[in-house]
Amino acid sequence: MTNVTFIAHDGTETTIDIANGDNVMRAALANDIDGIVGECGGSMMCATCHCYVDDAWADRVGPRADGEEDMLESAACEVKPTSRLSCQIRIEPELDGLVVHLPESQT
Amino acid sequence: MNMIEGHVAFEPAAGIPVWDIDPYAEEVLLNAEDYYAELRRHGPLVYIPKYSVLACGRYDETREIFSDHTRFVSSRGVGLNDFKYGKPWRAPSIILEVDPPDHTKTRKVMARALSPKAISGLKDAFREAAERIVDGLVAKGSFEAVAELAEAFPVTVFPKALGMVDSDRRRLVDYGAMVFNALGPDNKFRRAAMAQVPDIVPWITAACARDRLTKDGLGALIYGAADDGEVTEEEAAMLVRSFLSAGVDTTVTGIGNALWCLASNPREYDRLKADPALARPCFEEVLRFTSPVHTFARTANQDTEVAGYGIAEGTKILCALASANLDPAKWGDPDIFRIDRKPVGHMAFGAGIHGCVGQNLARLELEIVLSVLAEKVDRIEFDGEPVWRPNNAIHALDRLPLKFVAK
Ligand code: HEM
C-alpha cells in the first residue's frame, strides 16, 4: 500500500492508502474524495479527474501519457505544467507520500 | 487444429464449470437477464462447449479482462473469430480491433476530435433538433418511438456533425446493427447481416469520402490528421467510417432504451421533470440498466489466470458487459432503475484503453434529449407492447409504441 495525500481547493487534506497498480482517480472515487469526478471511468476521454501534482513530486510521477495533453484541454480549470489526469497516475511503491492538489471544479 | 467459429477449440482448465447453453439463441438474447443471472451463479468463468469459449459475467472479472489489453487483446477480434487464423469479413477496424502501439496512434486522433471541448460546439444544433422532433411528437400524441424519436434524432444530428452531405436513414442505422451482428457466431442474425454488406458498405464508403464531407465537421478533423501526417489518407477514411458503425445504432439504442426505462418507471420520470439536472446521471443509469452493447469478446494472447482459473493462449472470452452491470455483488440492488444512482464504473462504454471514444457525444445527445423531454412532456406512457430486436452484440428495441402527454 502507498500513501497519497489529496489537498482540496479549500485546503482540506485527506490521506488514503492506495494499492500498488491502482490509479489515483479510481482510488479517489473508492474513498469518496470530493473534487474528482472521473466521468469516463479512466479511458482518458474526459478531463474530470484533473489534478496538480505537488512540485516536489512532479518529476517522480513521470511525464504525461500519449494523448493526455489533448484531453487536458477540456479541463474546467487552468492547466498548469503540473497538471495531470489522475487516472493516468499509476501507484507504485516509489510514490509513497505523493501529494496532489485538486482544482476548484471539474465540470 | 480443431477450429470452431473461426477460433481454435480447446478444453477448459480444471475447475471451470461447463454450461451447455447458446448465449446467441434468439430466446436467450430476448430474455437475457435470466442468462446473466445464471452466468454469474456458475462462477467467475464458465466454459460454453457449443462455441468452445469462456464467458464471464461477474463485475470484477469482466472488468479485469476487459481492461487488461496486454493479456487480453483486441487485435484477434472482439467477436468469435480469431483474426490470427482467418481473414475477417472486412479489414479489421484500425481502432477497435488493434492493440498498442497501433491503437495509440489512431485513438489519439479520434479522442482529440471527440473530446468534451471539441464537441461542445454541437450543443445548440442538437437542442434545436431535439425540440423540433419532440414538439412534433407531443402534437401527435401517439407514435412509434424507435423510428420517430430514437432513430430520428441521431440521424438528424449525427451525420451533420460529421459533415456528411449524403443521408440515408435506413443504411445509417442498419450499418451499425450489421457490424455488431457480425461479432456473433454464424447464426441467422450474422447471416442476415452479411447479406446486407453489398448494399450498405459501398454506400457508407462513398458517403465518407473526403470530398463528400463539409470542411467544418468532425470528419474533416480526421482528414486533417491525415494532412498532418498522423495517419494515412486511407486510415482517415476508415476512422470516419467507424463513427458511423459505432456511433449511430448505439445512440439510437441508447435513446430507445432510455424511453423504455422512463415509461416503465414513471416515478423516476417525475424526478427528472422536477430536476432536469438529473438528465446526465439518468443516462448513466440507463446505460447500466440496459447496456446497449451487451457483449464483446477478448482473446487471451498468453497463458494466464483469472480468479485462479487457468486460461490458455488463444482462448476467446465473451465478456457480458450487461451482466457485469447487473451484478448484485457490485451494485447491491441492480434490478432497481434509479436515476440518481450515479453508477460510476459501469461497463456500458467498456473500460481501459478501448473505452468508448464517442462517449462524450453519446452523453451530449442523451443529456439534450432527456432535458427537452423533461421540459415539454408531462407523462411518457406505453401505447402497446414494446418489442425487442435480438442482435449478437446490441440490446435494442425493435418497436416502442408510446404516448406523450403534453405539459
Ligand atoms: C450509447 C452509445 C454508445 C455505447 C453504449 C457505446 C459502447 C461502446 C463500447 C462498449 C466500446 C468498447 C469496445 C471494446 O472495448 O471492445 C466502444 C468503443 C468505441 N465506440 Fe462507442 N458506444 C456508444 C456511442 C458511440 C459514439 C456516438 C461513437 C462515435 C462518435 C462511438 C465510437 C466508438 C469507437 C470508435 C470505439 C472504439 C474505441 C477503441 O477501440 O479505442 N461510440 N463503444
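All values below come from the heavy atoms of this structure, side chains included, with hydrogens, waters and symmetry mates left out.
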Trainee: Spell out the residues in residues 51-80 of chain A that have some non-hydrogen atom less than 4.5 Å away from a non-hydrogen atom of chain B, in order of number; otherwise answer 'none'.
Mentor: A:Asp66, A:Gly67, A:Asp70, A:Met71, A:Glu73, A:Ser74
Trainee: Looking at B:Lys117, is its backbone amide N or carbonyl O close enough to the side chain of B:Ser120 to form a donor-acceptor pair, meaning the two atoms are under 3.5 Å apart?
Mentor: yes
Trainee: For chain A, find which of B:Ala118, B:Gly358, B:Ser115 contributes the most heavy-atom pairs closer than 4.5 angstrom.
Mentor: B:Ser115
Trainee: Looking only at atom types and distance, does a side-chain atom of A:Ser86 sit under 3.5 Å from a main-chain N or O of A:Cys49, one as donor and one as acceptor?
Mentor: yes
Trainee: Parallel, tilted or perpendicular for B:His354 and B:His103, by the 30°/60° rule?
Mentor: tilted
Trainee: If I measure from the heavy atoms of chain A, does B:Ala111 come under 4.5 Å with its side chain, its backbone, both, or neither?
Mentor: both
Trainee: Measuring heavy-atom distances to chain A, does B:Val344 have an atom under 4.5 Å in its side chain, in its backbone, in both, or in neither?
Mentor: side chain
Trainee: Counting distance only, does the side-chain N/O of A:Thr48 pair as donor-acceptor with the main-chain N or O of A:Glu39 below 3.5 Å?
Mentor: yes
Trainee: State, to 0.1 Å, how close B:Leu96 and B:Phe296 come at their nearest heavy-atom pair, and which atoms those are.
Mentor: CD1-CE2, 4.0 Å
Trainee: Checking A:Asn3 side chain against A:Asp96 main chain: does a donor-acceptor pair fall under 3.5 Å?
Mentor: no
Trainee: Side chains of B:Glu284 and B:His346: do they bring a donor and an acceptor to under 3.5 Å?
Mentor: yes
